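First the structure, in the form of structure tokens, and then the observations on it.
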Amino acid sequence: MADGSKMGRPPIGGEIDAVVVGAGFGGMYMLVKLRALGFSVQGFEAGHDVGGTWYWNRYPGARCDVPSLFYSYTWSEELQKAWRWTEKYAAQPEILRYANHVADRFDLRPLIAFETRVVAAQFDETADRWRVTTDRGDELLARWLIMATGCLSTPRKPPISGVDSFQGPTYHTGAWPHEGVDFSGMRIGVIGTGSSGIQAIPQFAKQAEHVTVFQRTANYSVPANNTPLTEKDIEDFWKMYPAYIAMVKGPGMGFGGNPANALAATPQERRQRFEEYWGVGGAGFLAAWGGIITDIDINTEAADFVRGKIGETVMDQKTAESLKPNDHPIGTKRICVDIDYFQTYNRPNVRLVNLKETPIAEVTPTGVRTTDETFAFDALVFATGFDAMTGTLLAIDIQGAGGAKLKDAWAEGPKAYLGLAVAGFPNLFTITGPGSPSVLSNMINSIEQHVEWIVGCLDHMRGQRLTRIAADPDAQEAWVAHVRRVADKTLFPRAASWYMGANIPGKPRVFMPYIGSGYRQKCETVAAAGYEGFALTGAALTRATEDVHAP
Ligand code: N01
């Protein structure tokens with residue numbers, strides 16, 4: 001694996017067609033496409049190599065909750081056939097190896113400046129270009145600015161009193177040390193029981209002397225039932241591949257669901273199907289019956305089923321009761337997929353502290369104090385999540401037409417047309433931005449759809465010698481209202497989730513992803529109608545000729 005580090009490189013400047021921010025799966029595919037179409041392009045990436053989320057989230061137990069065979073790019077069948085996944089749900093190191101394989105195979109690293117954070121971007125209305133500046137002193141003028149910054153890329157520690165006072169080592173699951181951590185012989189405290197905590201805690205428990213888990217909200221989790229992939233699994237995958245591609249490229253792309261009508265079934269039939277889906281494992285449990293995410297009665301049956309499984313698994317009944325989620329419908333916070341999570345509480349070296357009963361009062365130099373007890377630790381782990389979907393974009397000082405700031409435009413929550421573009425910020429695109437299916441879909445599929453749509457748009461602009469595309473504020477308002485209306489028909493708004501911005505104090509409570517169906521078709525219809533809902537303007541597009549790539 002080549003090291004993408006560019007320490008000591010000279011600043012990058014000049015004029016260019018496109019800047020791509022982020023070198024995860026979104027950024028890498030965008031670079032492949034833009035280069036293939038002859039656009040001059042510069043990528044920037046804060047990490048020292050490619051991989052995005054899979055570069056940063058290296059905590060023990062990190063795995064994808066989408067089956068590996070479906071968590072692969074579909075744009076190159078050659079690539080798809082060349083890569084051999086080893087497990088049903090790939091672990092983070094394998095996914096990172098895949099990302100590196102893509103970067104090597106398509107020679108992407110020369111297009112990317114690593115260890116470089118974009119800090120500001122200002123739109124120059126006279127030139128129809130973005131002035132992009134970085135923390136390494138780069139300053140580029142780019143016609144198009146493409147944010148491939150990911151949805152969960154700004155880790156956050158909660159504002160607990162004394163949070164930075166702990167004298168021992170502290171870790172965040174979303175920024176795990178690359179050299180790994182050895183907890184052998186240590187007493188550790190873990191705050192947070194979302195997907196990251198639920199994956200990491202069983203691994204910590206195998207190594208540490210003692211693990212204390214601080215749980216504020218009990219979470220629903222379904223066993224992964226992970227297995228090695230066999231030759232037959234791969235053969236079966238290729239047999240159904242054309243149907244799979246037809247499905248993901250089909251018009252319905254967005255949040256799917258099983259049409260099986262739960263109401264027409266008997267309670268026994270419903271339970272049997274929950275058992276079947278539980279046996280298969282994974283997030284697909286939510287597709288056991290249609291309506292789980294819209295009908296509270298069906299949802300409650302599914303939730304009761306999972307609570308029953310927790311009760312059967314965890315031996316200490318007080319702990320089991322604390323682990324049973326009871327304050328939100330199942331699926332309205334991201335459902336977790338685990339390996340032996342609930343079983344871990346049967347180990348003698350693991351203890352659950354229910355923060356609903358005894359909240360954390362403060363983090364102290366030696367550990368954590370709740371309203372009831374003082375805990376001493378050798379290390380502390382924050383599995384406390386991210387400033388999701390908007391945090392990374394808003395950390396950049398983005399100024400659009402007339403100097404308007406993105407942080408002001410989004411003061412009441414993110415507003416974007418199709419989750420692709422923001423009114424007032426011409427020539428800027430967000431891959432899997434708020435208002436698109438993104439985190440509710442298979443991210444790889446959504447990334448590909450957005451990249452292909454954006455590249456099609458840029459190619460169109462170039463062909464027409466146009467230099468500015470701006471989302472129309474009315475079209476954006478209508479889309480944002482539609483996104484909200486669709487969400488309001490579901491149970492999602494009932495949970496204090498990161499989908500709603502509820503995990504960040506003061507963040508506007510808006511359901512950010514798009515949960516409707518027919519999203520791809522909508523995007524295609526917009527493009528086919530000459531980019532309906534956008535204003536396209538410009539006179540002469542002068543191709544950038546300067547080679548701006550760092551040596
Ligand atoms: O973060 P989270 P995550 N005091 O926000 C708790 C994706 N992902 O990193 O729910 C005490 O879900 C918080 O409690 P509460 C996936 O989309 C995917 O785990 O706010 N606790 C919660 O328990 C996922 O949804 C994969 O009450 C506090 C936890 O910290 C997303 O990333 C793997 C607290 C944060 O959970 C984020 O997951 C990992 C406080 N003050 C992640 N503040 C897979 O593909 C927060 N918490 C499998």
Side-chain angles (χ1 to χ4, degrees), residues 25 52-54 56-68 70-71 88-92 95 150-163 171-176 189-201 203 212-224 226 281-283 322-323 325-328 331-339 341 352-363 368 370-371 380-389 391 432 438-444 495-505 507 512-513:
F25 286 116
T53 224
W54 301 106
W56 298 103
N57 287 268
R58 297 172 186 238
Y59 59 84
R63 262 174 213 282
C64 191
D65 58 4
V66 174
S68 316
F70 303 98
Y71 197 76
K88 179 176 169 192
Y89 294 105
Q92 173 272 336
I95 305 174
C151 295
L152 294 156
S153 44
T154 298
R156 46 91 54 177
K157 273 193 200 168
I160 299 172
S161 168
V163 69
Y171 304 97
H172 193 291
T173 46
W176 202 255
V190 182
I191 301 176
T193 52
S195 299
S196 304
I198 280 178
Q199 287 186 330
I201 287 161
Q203 301 302 319
T212 304
V213 178
F214 295 94
Q215 170 196 277
R216 190 166 63 181
T217 304
N219 236 321
Y220 299 94
S221 188
V222 180
N226 189 36
S322 291
L323 286 165
N326 58 15
D327 67 353
H328 62 283
T332 55
K333 285 188 167 203
R334 170 79 171 206
I335 194 153
C336 302
V337 176
D338 74 271
I339 298 179
Y341 176 64
L352 183 76
V353 175
N354 184 343
L355 300 179
K356 287 270 160 72
E357 291 170 358
T358 56
I360 294 179
E362 60 173 346
V363 172
V368 169
T370 64
T371 50
L380 202 50
V381 176
F382 290 90
T384 47
F386 303 86
D387 187 351
M389 304 201 72
T432 62
S438 63
V439 291
L440 298 176
S441 64
N442 176 336
M443 282 297 282
I444 297 263
S497 65
W498 60 257
Y499 297 137
M500 295 288 297
N503 64 328
I504 306 288
K507 189 164 172 170
M512 295 184 281

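Here the structure is a predicted model, which means the values were calculated and not measured. Indexing begins at 1, ligand by ligand and atom by atom, following the structure's order.
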Subject >> Pairing residues for Phe214 by the ring pair (Phe, Tyr, Trp, His ring centres under 6.0 Å) criterion, not counting sequence neighbours >> reply: Phe375, Phe377
Subject >> Every residue of the protein that comes under 4.0 Å of ligand 1, judged on heavy atoms >> reply: Tyr59, Arg63, Cys64, Asp65, Leu152, Arg156, Pro158, Ile160, Ile191, Gly192, Thr193, Gly194, Ser195, Ser196, Gln199, Arg216, Thr217, Lys333, Arg334, Leu355, Ala383, Thr384, Gly385, Phe386, Trp498
Original post:
Just by modelled atom types, is the Ile339 backbone N or O under 3.5 Å from a matching donor or acceptor in the Arg63 side chain?
Top reply: no
Original post:
Do side-chain atoms of Ser68 reach the backbone of Lys88 as a donor and acceptor pair under 3.5 angstrom?
Top reply: yes
Original post:
Parallel under 30°, tilted from 30 to 60°, perpendicular over 60°: which one fits the rings of Tyr171 and Trp176?
Top reply: tilted
Original post:
Can you tell me if Arg156 uses its side chain to pair, donor with acceptor, with the backbone of Gly391 under 3.5 Å?
Top reply: no
Subject >> From Asn326, Thr193, Asn503, Asp327, residue fulfilling side chain to side chain contact (heavy atoms under 4.5 Å, CB included) relative to Thr217 >> reply: Asp327
